[in-house]
Amino acid sequence: MAEAADFQGTSPSPARRWLRRTTALLAGAPLLTGLVHLPAASPAHADGRSSAKADAETGPVDVAVDSLTPSAPTAGDTVTVSGTVTNHGKQTVTDAHVGLRLGAEVNTRSAVDAIAKDSEDLQGAIAPEIDDKYTAKFSKLTPGVAEHFNISVPVDDLDLGDDGVYEFAVSLSGETSAQPWEQILGIQRTFLPWQPDEAGTRTKTTALWPLVSTTHMAAETGPNEEQTPVFLNDDLAKEISPGGRLNQMVALGKDLDITWVVDPDLLASVDAMTGSYRVRDGDRTVAGTHQAVAKQWLAELREAVADEEVVALPFADPDLASLAHNGTDVTGSLSQLKEATDVVSNTVPPILGVKPSTDFAWPVEGAVDRSIIKVATSAGADKVITRSDSLRETNDLPYTPSAARPIGGGTTAVVADARLSKAFEGDLTKASASTLSVQHFLAQSLALGLQTGKQRTVVFAPQRTPSGSQARAMAEALRALQDGTWSESQKLAATAAAKPDPDATTTVPGTSSYPSALREKELPRSAFVETAQTQDALDNFKVVLSDPSRVVTPFGRALNREMSASWRGRAAEAGSFRAGVKSYLDGLTGRVRLIDKSETKLSGRSATIPVTVQNNLVQDVGPLVLRLTSMNPTRLEIGGADYEEQPISVSGGHSQSVKFTTSANANGRATVIAQLYTMDGRKYGAPVAFDVKVTEITATVMLVIGGGVLLLVLAGFRMYTQRKRAAAREDEKSVPDGTEESEEPDESEGSEVSESSGEGAENPEGSDGRLTEGSEAHRRTDAPEQPSDPTPDTAAESADPSGTGERVDR
């Protein structure tokens with residue numbers, strides 16, 4: 001908000017202001033009297049501030065306020081302050097005591113920030129101590145040793161004035177051997193919000209409670225029916241386990257009046273952990289073991305959000321600013337945002353049992369420009385959560401206007417208050433840092449409420465992934481605020497629908513106003529190009545599958561995760577994740593491929609060439625189109641043309657061969673290319689090229705072969721006649737004595753019979769040329785199919801190339 005919005009509507013009365021000043025002078029009179037008797041060397045210390053470190057703004061003693069209760073006291077309360085004092089100097093501090101100091105009312109929100117920034121400064125104005133009886137005394141403070149203190153003071157003794165924010169300080173005073181006089185050696189300033197009675201007009205405060213994490217799931221899933229998910233690491237289990245960040249967020253949020261803002265990816269990831277899952281461990285994966293933790297966390301979350309307002313971000317919380325600045329000119333990037341929004345309805349309700357709102361977009365840190373607004377609303381959201389340090393006031397308003405602003409095109413900007421939203425950033429692991437942040441938050445909230453008598457709405461939108469200590473501080477502050485007297489809770493939808501302040505700015509800044517520190521952490525254009533290329537490969541792959549959902553769902557969500565805002569500032573990790581998704585998809589695509597072939601020999605004018613497609617996926621693929629193309633059709637034609645196409649489908653875990661008819665027109669070598677295509681004509685996988693060597697049989701070779709066959713026939717005939725004659729002679733010798741011999745035939749007649757017998761033996765087919773039963777040719781024709789004969793569908797084959805000199809079927 002503009003600094004002009006820091007004027008407060010009320011101020012202390014003149015009488016009380018005079019009384020406070022008089023009290024301060026009287027309290028300082030003894031000190032001034034004592035200073036008159038100090039040695040001449042001591043006037044430099046008359047202002048009550050330490051000069052032990054002349055060039056430093058803080059003293060040698062660190063004062064830590066670990067707790068201040070109650071955070072926002074009312075009439076009749078007792079304020080208790082506890083903490084530690086630690087001497088970081090080299091000299092022992094003696095006659096030391098811790099005292100409480102109440103400063104003047106802080107009139108503006110910017111003054112609150114200034115005090116918080118210089119909370120340990122000894123050079124600025126320091127209020128007098130409240131009373132000697134509200135102190136903690138130490139005889140000495142040894143260097144490096146921390147001493148605990150605990151001081152309680154009734155609110156009535158603080159003499160608080162009108163409603164407002166008061167500076168409240170804890171100081172350590174004492175002496176050193178080098179400077180033996182009482183001086184303030186350390187101080188810690190904070191705030192005491194004071195509104196004992198119900199405010200006439202309460203500020204309506206909306207507190208966002210984000211459940212967002214980084215990317216945890218890979219695109220990889222198991223080949224089983226359940227598609228066992230694979231996690232990149234076990235970090236999510238740590239976050240949802242007792243004591244983990246997300247576990248604390250749920251435990252703290254269930255007792256607060258808040259609006260839950262959830263990332264569906266987080267819910268889907270934890271839901272996946274409730275069943276069987278695996279976790280990457282180097283080059284292998286191991287079984288996940290945190291199912292019980294995941295089930296418990298989801299059960300507690302369901303209980304916490306029941307009947308509460310839930311706002312769902314698009315899946316994986318896409319980086320809207322990166323998309324607007326670097327991705328809109330990459331085809332398909334805006335479609336990814338739309339898919340990330342559409343999937344919410346299938347993710348959040350089944351897991352949480354509530355219907356979330358998807359009307360809100362939340363750019364990183366609420367930083368917007370016109371391009372971000374355009375992208376944020378492109379997927380259906382009509383409300384954008386921004387922040388007051390981005391959508392700045394330009395109308396010099398003396399107060400902070402309400403959150404809702406119409407910014408044109410039917411879009412509402414919900415402007416979160418930057419001072420409140422940034423109050424819990426930084427390291428809050430120390431109790432003192434947490435306490436200061438709580439008091440700073442409450443001081444800003446009350447100062448805002450006292451600016452004007454108008455009722456306004458304000459939004460608290462903290463960092464997306466608060467740490468456990470930050471979450472605890474946020475919860476403590478919101479509990480004090482919701483139990484206080486100047487604010488009341490309101491849901492985000494009601495805040496967005498509230499009547500806007502007509503004087504509030506509605507001008508969205510230009511692209512050049514986007515903070516350079518945020519721009520440096522954006523996803524580059526190359527990231528969106530890689531995502532688009534992976535999406536193209538996925539589109540090409542899914543059309544060949546019998547069950548596309550097995551890859552579309554896990555890879556679709558992985559592509560959403562590639563655009564997540566959680567990658568900001570982690571460029572190397574983001575690039576590794578994108579490469580992993582692409583590599584895994586390429587590996588799956590490569591499981592459906594053509595088996596390599598070596599050179600094929602074709603003897604004759606025509607033959608068939610088999611080409612084999614291998615499917616190593618668990619599901620069927622097809623229909624695909626297999627095209628075989630001759631690169632030299634004048635020498636070798638396929639199917640009577642340059643190429644031939646045949647459809648093919650292959651069962652999961654099997655291979656399938658397709659035979660192509662070829663015809664040779666000339667001798668020589670011809671290159672042939674096999675390529676798979678999808679049914680819409682897009683190439684699928686890598687082609688396979690191999691050579692076909694054509695060796696046609698010539699007329700001369702045929703004559704030589706024919707002559708050789710004739711010689712074999714004649715030799716066989718001669719051997720046959722010789723055997724017949726020898727058999728006849730043996731018969732003559734075997735006739736018994738006394739038997740009448742038959743007349744021996746004439747030699748020429750015997751020759752004729754022999755020749756006739758020889759011809760009959762030579763022709764096993766019979767006189768009509770038909771095959772006779774039992775003949776060798778008949779046995780070959782009726783032979784059963786041999787196991788080595790090719791089959792249309794075989795089990796998975798070796799992917800090795802066929803042997804050198806492969807011959808083809810003729």
* Asked: Which atom pair, heavy atoms only, marks the closest approach of R370 to V508?
  -> NH1-O, 2.9 Å
* State whether the side chain of R278 and the backbone N or O of T285 hold a donor-acceptor pair below 3.5 Å, judged by distance alone. => yes
* Does the pair D620 and H654 meet the rule for a side-chain hydrogen bond (donor to acceptor under 3.5 Å, both in side chains), with working shown? -> CA-CA 9 Å; D620 301 346; H654 287 74; over 6 Å; no
* **Expected output: side-chain S390 to main-chain T386 donor-acceptor under 3.5 Å** => no
* **Backbone of F424 reached by a side-chain donor or acceptor of Q463 within 3.5 Å** => yes
* Indicate the atoms forming the closest heavy-atom contact of W260 with K254, along with that distance. => CZ2-N, 4.0 Å
* Could you grab the distance from atom CG of L256 to atom CD of E308, nearest 0.5 Å is fine? => 10.0 Å
* Asked: Does K491 pair with D257 as a salt bridge, N-O distance under 4.0 Å?
  -> yes
* Ignoring hydrogens and geometry, is there a side-chain-to-backbone donor-acceptor pair from Q470 to G426 under 3.5 Å? -> yes
* Asked: Distance only, no hydrogens: is a donor on one side chain within 3.5 Å (strictly under) of an acceptor on the other, for Q614 and N616?
  -> yes
* Structure fact -> For A316 and D263, the nearest pair of non-hydrogen atoms, with its separation, is N-OD1, 2.9 Å
* Asked: Less than 4.5 Å apart, any side-chain heavy atom of E645 and any of Q675?
  -> no
* To do: Kindly give the heavy-atom pair with the smallest separation between L594 and A674, and that separation in Å.
  => CD1-O, 3.3 Å
* To do: Scan side-chain atoms only and decide if D265 and H216 contain a donor-acceptor pair under the 3.5 Å cut-off.
  => no
* **Spacing of CG belonging to L211 relative to OG1 belonging to T465, to within rounding of 0.5 Å** => 11.5 Å
* Can you tell me if S322 uses its side chain to pair, donor with acceptor, with the backbone of E522 under 3.5 Å? -> no
* R570, R568, R464 screened by salt bridge (Lys or Arg N to Asp or Glu O under 4.0 Å) with D319, the one that passes -> R568
* **Value rounded to 0.5 Å, distance of CG in L320 from NE2 in H325** => 10.5 Å
* Measuring from Y277:OH to S269:OG, what's the distance to the nearest 0.5 Å? -> 11.5 Å
* Do T505 and E393 get their side chains close enough for a donor-acceptor pair, meaning under 3.5 Å? -> no
* State, without any angle test, whether E309 and T259 hold a side-chain donor-acceptor pair at a distance under 3.5 Å. => yes
* To do: Could you tell me if the ring centre of F555 sits under 6.0 Å from that of F541?
  => no
* Has the side chain of S241 got a donor or acceptor atom that lies under 3.5 Å from a matching backbone atom of A237? -> yes
* Asked: Within the side chain of S583, is there an N or O that forms a donor-acceptor pair under 3.5 Å with the backbone of G580?
  -> no
* To do: Please round to the nearest 0.5 Å and tell me the distance separating atom CG of L266 and atom CG of D317.
  => 11.0 Å
* **Electrostatic pair D329:R525 at N-O distance under 4.0 angstrom** => yes
* Given the rule in the side-chain hydrogen bond (donor to acceptor under 3.5 Å, both in side chains) test, do E562 and T531 qualify, once you have shown the distances and angles that lead to the verdict? -> CA-CA 7 Å; E562 290 185 4; T531 299; 2.5 Å; yes
* To do: Indicate whether any N or O donor in one side chain lies under 3.5 Å from an N or O acceptor in the other, for T612 and S655.
  => no
* Any side-chain heavy atom of P554 within less than 4.5 Å of one from Q227? -> yes
* **NZ/NE/NH1/NH2 to OD/OE distance under 4.0 Å, D234 and K238** => no
* Would V270 and L236 satisfy side chain to side chain contact (heavy atoms under 4.5 Å, CB included), going step by step from the backbone distance to the final call? -> CA-CA 8 Å; V270 178; L236 182 56; 3.9 Å; yes
* Under the 6.0 Å and 45° cation-pi test, does K683 pair with Y677? -> no
* Please name the pair of heavy atoms, one in A413 and one in L391, separated by the smallest distance, quoted to 0.1 Å. => CB-CD2, 4.0 Å
* To do: Start with the C-alpha gap between V618 and R550, add the side-chain angles, then the distance that decides, and say whether side chain to side chain contact (heavy atoms under 4.5 Å, CB included) holds.
  => CA-CA 10 Å; V618 297; R550 287 182 64 90; 4.2 Å; yes
* Quick one: are V544 and Y684 in side-chain contact, heavy atoms under 4.5 Å? -> yes
* Are the side chains of T328 and S333 in touch, meaning some heavy atoms are under 4.5 Å apart? -> no
* Structure fact -> In terms of heavy-atom contacts, S469 and L428 come closest through CB-O, 3.3 Å
* Will you find, in the side chains of Q336 and Q535, an N or O donor that is under 3.5 Å from an N or O acceptor? -> yes
* Heavy-atom distance under 4.5 Å between the side chains of M474 and F460, does that happen here? -> yes
* To do: Please confirm whether R519 makes a cation-pi placement over Y514, using NZ or CZ under 6.0 Å from the six-membered ring centre and within 45° of the ring normal.
  => no
* Does S421 reach the main-chain N or O of A461 with its side chain, forming a donor-acceptor pair under 3.5 Å? -> yes
* Checking R280 against F231: charged group under 6.0 Å from the ring centre and within 45 degrees of the axis? -> no
* Any chance you could lay out the side chain to side chain contact (heavy atoms under 4.5 Å, CB included) test for V625 and M679, step after step, and finish with the verdict? => CA-CA 7 Å; V625 174; M679 295 303 291; 3.7 Å; yes
* Do T411 and K383 have side-chain heavy atoms sitting under 4.5 Å apart? -> no
* To do: For residues L420 and V458, determine if any side-chain heavy atom of one lies less than 4.5 Å from a side-chain heavy atom of the other.
  => yes
* Test item: side-chain donor near acceptor, N224 and T228, under 3.5 Å -> yes
* **Pair R387 + D389: basic N to acidic O under 4.0 Å** => yes
* Please round to the nearest 0.5 Å and tell me the distance separating atom NZ of K204 and atom OG of S402. => 9.5 Å
* Would you say the side chains of T274 and Q291 form a donor-acceptor pair under 3.5 Å? -> no
* Asked: Does the side chain of V344 reach to within under 4.5 Å of the side chain of P356, using non-hydrogen atoms?
  -> yes
* Do the charged groups of E573 and R578 touch, with an N to O distance under 4.0 Å? -> no
* To do: Would you sort out whether V310 and V262 count as a side chain to side chain contact (heavy atoms under 4.5 Å, CB included), showing the intermediate values?
  => CA-CA 7 Å; V310 177; V262 301; 3.9 Å; yes
